[in-house]
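Worksheet: one structure, shown below.
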Amino acid sequence: MPHKVKWLGHAACQITTAGGRVILIDPWITGNPCCPIKKDDIGKIDAILVTHDHFDHLGTDIPELVRATGAVVIAQPELASALQKAGVGAENIINGIGMNIGGQVEAAGVKVIMTQAFHSGTAGNAVGYIVVLEDGKTVYHAGDTGIFASMELLGKIYHIDLALLPIGSVFVMDPLQAAYSLTLLKPDKVIPIHYATFPVLVQDADEFIKLAGEKAPEVQVEALQPGQEVIL
Ligand SMILES: [Zn+2]
């Protein structure tokens, strides 16, 4: 069975690994106007990774999803603490306390590395994640961020098979920055995310696709509709 990475709209995505593990990143399900599923549709979840505590990433479903599935939550300590106050048990927080940028943990049969992101947050900082699947295939979710020079380091340290990059501007990279970031990260494939959800954001992936074709023609752009997936 191959790995599948499904876009759930905005920054939410669901990775189903070849080994059958299910990993949610930024599970804004309830209230997300672009999310094609309801929280009860998800079923099994092994791990939930949260990039930061803005409502369009953290959502409101995590405590219930954790109770229903026993999933382990990965987040910075400050956000993990806030989630405990919201009803997530310490036994469902990675290491009981969370993790931080630069660190690697093993959860749900995969390796999770927390990376920097340049954005804001209330409980802790905004971060991104590199997820190394059972066979070494590697997925990078940038979270909310502007472009940063050390994306080049991430591209050198890890071979990124698939990157999920925000392109919607205003709060995150615009299509030009996102296209240029491909020259630093050097992924094989990219899924543009964090656009079209709100009127203020870039409304389609057209400009990103055009600019990515000019700056990094070797990268395969997978502009999905919410609910569609990429096979790895
Ligand atoms: Zn944000």
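Position 1 is the first residue of the sequence; numbering continues from there. Remember, it's 1-based here, ligands and their atoms both numbered in the order they're listed. All of these numbers come straight from a predicted model, not from anything done at the bench.
Contact detail for Asp56 and His10: the closest heavy-atom pair is OD2-NE2, 2.7 Å.
Note: angle at the Zn ion (ligand 1), from ND1 of His54 to OD2 of Asp144, is 180° (rounded to 10 degrees).
Note on Asp56: not counted as a metal contact of the Zn ion (ligand 1), no N/O/S atom lying under 2.8 Å. Look at His119 and the Zn ion (ligand 1): an N/O/S atom of the residue is under 2.8 Å from the metal.
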- Task: Kindly determine whether Lys215 and Leu182 satisfy side-chain contact (heavy atoms from CB on, under 4.5 Å), including the steps that lead there.
- Result: CA-CA 8 Å; Lys215 302 203 176 300; Leu182 297 173; over 6 Å; no
- Please test Thr51 against Asp144 for side-chain contact (heavy atoms from CB on, under 4.5 Å), starting from the C-alpha separation and ending with a verdict. CA-CA 8 Å; Thr51 63; Asp144 276 3; 5.8 Å; no
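Ring geometry for His57 against His52 counts as tilted: the plane angle lies between 30° and 60°, on a 0 to 90° scale.
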